[in-house]
Visitor: 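What follows is a structure written as structure tokens; I'll ask about it next.
Numbers restart at 1 for each chain; the letters A, B, ... are given by sequence-line order, proteins then strands.
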Amino acid sequence: MENEIRVRFAPSPTGYLHIGGARTAVYNWLFAKKHNGKFILRIEDTDTERSTEASTEGILDGLRWLGILWDEGPNLQSNNIEKHKKIALKLLSTGHAYKCFCTKEGLDARRELAKEEKRAYKYEKTCTNLTEDEIKEKESKGMPFVVRFKVPEGEGSVIFKDVVYGINEKKYEDIEDFVILRSDGSPLYLLSNAVDDINDRITHVIRGQDGLANTPRQILIYEALGITPPVFAHMPLTLDTKKEKISKRKHGEVVAVQFYREKGFIPWALVNFLVLLGWHTSDDREIFTREELIDAFTLEGVSKSNSIFNYKPGDPKFFTDPKALSINATYLRSMPVEELNVYLKPLFMNAGLWRDEYESVKKNWFNKTIDLIRSRYHTLNDFVNLGRAYFSDEFPVDEAASKKNILKHPHLKDIFPLLAERLGECPAWEISDIEATIRQFIEEKAENPGTVINGIRTVVSGQSVGPGLFELIEVIGKERVIERLKNTLVLYK
RNA sequence: GUCCCCGUCGUCUAGCCCGGUCCAGGACACCGGCCUUUCACGCCGAUAACACGGGUUCAAAUCCCGUCGGGGACGCCA
């Protein structure tokens with residue numbers, strides 16, 4: 001147990017779970033699984049202004065849907081505030097921190113001035129060397145103060161090795177004495193985060209690259225406390241096609257995990273896509289089962305450069321990154337049908353298409369039908385939208401298909417009812433008999449086979465595209481096919 | 001402005017550490033073909049990249065320097 005690997009995902013609940021965060025969670029989770037460690041979920045909710053409970057729920061929901069389950073938590077950071085304060089006070093007593101009476105207004109003004117003069121601003125350390133008496137005096141006057149961490153002075157630097165980015169060195173002189181306790185006594189992120197990591201006995205901090213610059217300061221905290229820092233591994237960021245950080249404000253729903261659930265993604269397909277955004281094996285594999293991924297995953301395979309989420313707003317063909325869609329489609333057409341049905345059932349129920357017999361007497365038919373149509377689909381939703389005609393008598397007829405395959409050939413309305421009758425006499429409802437019957441009919445009527453075949457497809461399925469006609473007819477069923485052919489006339493209006 | 005990081009096809013990336021096997025490999029997308037009286041799947045093929053400039057070397061995507069480009073961090077946010 002001493003050497004147990006412990007990692008955490010620590011989002012702040014200020015919005016839904018977005019794909020960048022989800023990817024970080026996935027990397028942590030994979031690392032834990034790979035090393036038989038623990039994956040801890042911590043909600044960093046100390047920013048009461050922006051944190052919401054709905055957001056916390058959304059994050060938990062998103063992770064559950066993805067199948068990224070945590071071993072401990074969710075721990076709310078807000079429950080640990082007293083511990084954070086206690087540590088700050090300890091730092092104060094050991095001389096690693098000091099009280100600073102500088103006002104926020106004064107600081108802001110100086111920062112602003114520095115910015116105008118295009119100078120780097122760094123806290124002047126005005127309060128570093130206040131004497132006991134000076135401090136007492138200010139306190140007795142009721143002057144508010146913050147607690148600042150005292151960065152070591154002199155030539156030294158903080159050096160650490162990031163698993164992804166390698167050796168990092170930051171000179172003490174480039175680090176400002178940062179605030180760890182607000183004037184109201186509440187702790188700040190740099191402190192809280194490090195203290196929680198200590199309390200949770202985190203061994204590996206796997207987080208976004210935006211945390212890289214925080215690391216030296218956090219290491220200073222560890223050192224001041226006499227605790228060995230965890231291993232750090234920073235992940236490259238995911239940017240949009242304009243190379244900007246992805247965010248809900250700019251990109252809307254496409255960057256929300258929830259969006260993919262609504263659009264009919266298989267959760268694992270999304271995980272598979274996400275994990276490839278910044279990580280790769282040396283061989284050519286890109287599709288992984290859960291076990292394969294856990295086995296293949298290493299932090300060393302994470303790349304240093306930021307990756308771009310290839311989403312183009314308004315693209316008529318792809319509503320998200322084409323690769324994500326492609327991976328989803330790959331799963332859709334290659335996973336065992338029974339497994340696929342687990343995802344399909346709730347969708348069918350929602351669409352009013354579900355029948356309990358799909359799991360009993362019509363189970364074989366249902367599986368066969370799903371298998372027949374799935375190679376054409378990209379999302380789970382396609383089954384209930386594009387595939388509606390297979391499961392219901394109420395289905396839309398594609399306008400273009402109707403125009404091209406039906407309206408252009410007015411005589412079809414006369415011959416299809418005859419064909420319906422002929423099919424009714426079909427000895428066995430099997431592909432070979434169906435095909436023979438139809439071909440003979442075409443020959444008798446001296447029809448163009450293409451016209452008839454495409455016409456039937458449109459009448460029977462509402463679409464101009466789909467499986468081979470005879471398979472289609474077999475699967476849709478005798479009764480329905482005859483009914484639809486007889487009603488061809490209704491399409492001419 | 002200061003500090004740090006990154007830079008291979010449109011996108012995700014392999015290769016870079018340990019120079020030659022790389023006139024740079026795979027995947028997605030795009031284009032063409034085969035299959036198919038539809039569409040998709042499948043199969044085959046095509047287009048497409050080492051940011052730029054110097055240097056080191058017999059030889060550089062790989063090593064060094066510089067330039068440019070992109071990103072991140074610089075809060076009493078997390």
Visitor: If you look at every strand shown and take non-hydrogen atoms under 4.0 Å, does Lys243(A) touch a base, only sugar-phosphate, or nothing?
Guide: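 Counting heavy atoms under 4.0 Å across all strands, the contact made by Lys243(A) is with sugar-phosphate only.
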Visitor: NA contact type, Arg439(A), heavy-atom cut-off 4.0 Å: base, sugar-phosphate, or nothing?
Guide: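 Base contact.
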Visitor: More than 12 heavy atoms of other residues, nucleotides or ligands under 6.0 Å from CD of Glu443(A): yes or no?
Guide: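 No, the 6.0 Å shell around CD holds no more than 12 heavy atoms from other groups.
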Visitor: Roughly how far apart are Leu491(A) CG and Lys403(A) NZ, rounded to 0.5 Å?
Guide: 15.0 Å
Visitor: Which part of the nucleic acid, if any, lies within reach of Thr46(A) when heavy atoms closer than 4.0 Å are counted: base, sugar-phosphate only, or nothing?
Guide: sugar-phosphate
Visitor: Look at the side chain of Ser375(A) against the base of A40(B) and say whether a donor-acceptor pair falls under 3.5 Å; ignore hydrogens and angles.
Guide: yes
Visitor: Suppose you measure atom C1' in C23(B) against the same atom in C9(B); what distance do you get, rounded to whole Å?
Guide: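 After rounding to an integer number of Å, I get 15 Å for this pair.
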Visitor: Kindly say whether, by distance alone, the side chain of Ser183(A) makes a donor-acceptor pair under 3.5 Å with the base of C76(B)?
Guide: yes
Visitor: Does any nucleotide pair with G20(B) by Watson-Crick or G-U wobble geometry, both distances under 3.5 Å, and what is it?
Guide: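 WC or wobble partner is C58(B).
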Visitor: A60(B) and G55(B): how far apart are their C1' atoms, nearest whole angstrom?
Guide: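 Result for the C1' pair: 12 Å, nearest Å.
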Visitor: Regarding A29(B), can its base be found pairing with the side chain of Lys323(A) as donor and acceptor, where the two atoms are less than 3.5 Å apart?
Guide: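 Flag unset: no donor-acceptor pair detected.
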Visitor: Ignoring hydrogens and angles, answer whether the base of G71(B) and the side-chain atoms of Gln209(A) contain a donor-acceptor pair closer than 3.5 Å.
Guide: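 When only heavy-atom distances are counted, Gln209(A) does not reach the base of G71(B) through any donor-acceptor pair under 3.5 Å.
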Visitor: At 4.0 Å (heavy atoms only), tell me whether Arg111(A) reaches a base, stays on the sugar-phosphate, or touches nothing.
Guide: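 Counting heavy atoms under 4.0 Å across all strands, the contact made by Arg111(A) is with sugar-phosphate only.
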Visitor: Would you say Asn272(A) and Tyr331(A) are linked by a side-chain donor-acceptor pair, where the criterion is simply a distance under 3.5 Å?
Guide: yes
Visitor: When the C1' atoms of A61(B) and C17(B) are compared, how many Å lie between them, rounded to an integer?
Guide: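 To the nearest whole Å, 14 Å.
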Visitor: Distance check, P atoms only: A24(B) and G10(B), in whole angstrom units.
Guide: 15 Å
Visitor: Remember a base hit wins even if backbone is also touched, and classify Ser326(A) as base, sugar-phosphate or nothing at under 4.0 Å, heavy atoms.
Guide: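 Sugar-phosphate: the residue Ser326(A), judged by heavy atoms under 4.0 Å, touches backbone atoms but no base.
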Visitor: Let's test this: given Watson-Crick or G-U wobble pairing with both distances under 3.5 Å, identify the partner of U38(B).
Guide: none
Visitor: Does Lys245(A) reach a base, just sugar-phosphate, or nothing at all? Heavy atoms under 4.0 Å.
Guide: sugar-phosphate
Visitor: Taking any strand in view, what nucleotide pairs with A46(B) in a Watson-Crick or G-U wobble way, both distances under 3.5 Å?
Guide: none
Visitor: Using the C1' atom as the point on both nucleotides, what is the distance between U8(B) and G26(B), in whole Å?
Guide: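 Taking atom C1' in both G26(B) and U8(B), they lie 13 Å apart.
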Visitor: What nucleotide among C77(B), G75(B), G26(B) has an atom nearest to a side-chain atom of Arg182(A)?
Guide: C77(B)
Visitor: Which part of the nucleic acid does Asn214(A) contact within heavy-atom distance under 4.0 Å: base, sugar-phosphate only, or nothing?
Guide: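 The answer is base, as Asn214(A) lies within the cut-off (heavy atoms under 4.0 Å) of a base atom.
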Visitor: Considering Watson-Crick and G-U wobble pairs with both distances under 3.5 Å, what does C74(B) pair with?
Guide: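 Across any shown strand, C74(B) pairs with G1(B).
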Visitor: Please report the distance separating the P of U21(B) from the corresponding atom of U62(B), rounded so that it comes out in whole Å.
Guide: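 Approximately 13 Å lies between the P atom of U21(B) and that of U62(B).
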Visitor: Going by distance alone, is a donor N or O of one side chain under 3.5 Å from an acceptor N or O of the other, for Gln77(A) and His84(A)?
Guide: no
Visitor: Is any side-chain heavy atom of Pro216(A) less than 4.5 Å from a side-chain heavy atom of Tyr172(A)?
Guide: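 No - every pair of side-chain heavy atoms lies 4.5 Å or more apart.
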Visitor: Under 3.5 Å, is there a donor-acceptor pair linking the side chains of Asp45(A) and Ser78(A)?
Guide: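 Distance-only check passes for Asp45(A) and Ser78(A).
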Visitor: Determine the interatomic distance between P on U2(B) and the same-named atom on U67(B); round to the nearest Å.
Guide: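 Rounded to whole Å, the distance is 13 Å.
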Visitor: To the nearest Å, how far apart are Leu237(A) CG and C4(B) C1'?
Guide: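 From Leu237(A) CG to C4(B) C1': 14 Å.
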Visitor: With a non-hydrogen cut-off below 4.0 angstrom, is Leu276(A) in contact with a base, only sugar-phosphate, or nothing?
Guide: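 Sugar-phosphate, no base atom in range.
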Visitor: Return the nucleotide paired to G69(B): Watson-Crick means purine N1 to pyrimidine N3 with N6-O4 or O6-N4, wobble means G-U with N1-O2 and O6-N3, both under 3.5 Å.
Guide: C6(B)
Visitor: Which part of the nucleic acid, if any, lies within contact of Phe178(A), taking any heavy atom under 4.0 Å across all strands shown: a base, the sugar-phosphate backbone alone, or nothing?
Guide: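 Touches nothing.
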Visitor: Which is true for Val179(A) with a 4.0 Å heavy-atom rule: it touches a base, it touches only sugar-phosphate, or it touches nothing?
Guide: sugar-phosphate
Visitor: How is Gly208(A) classified with respect to the nucleic acid when contacts are heavy atoms under 4.0 Å: base, sugar-phosphate, or nothing?
Guide: nothing
Visitor: Kindly indicate whether the side chain of Arg376(A) and the base of C39(B) share any N or O donor-acceptor pair separated by less than 3.5 Å?
Guide: yes
Visitor: Does the side chain of Asn381(A) come under 3.5 Å of the side chain of Thr379(A) through a donor N or O and an acceptor N or O?
Guide: no
Visitor: Mind checking who A29(B) pairs with, Watson-Crick or G-U wobble, both distances under 3.5 Å?
Guide: none
Visitor: Give Lys317(A) one of three labels, base, sugar-phosphate or nothing, depending on what nucleic acid heavy atoms sit under 4.0 Å from its own.
Guide: sugar-phosphate
Visitor: Say we look at C30(B) and A48(B): how far apart would their C1' atoms be, to the nearest angstrom?
Guide: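 C30(B) and A48(B) have their C1' atoms separated by 10 Å.
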Visitor: Using only side-chain N and O atoms of Arg333(A), determine if any of them is under 4.0 Å from OP1 or OP2 of A40(B).
Guide: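 For A40(B), OP1/OP2 do not have a side-chain N/O of Arg333(A) under 4.0 Å.
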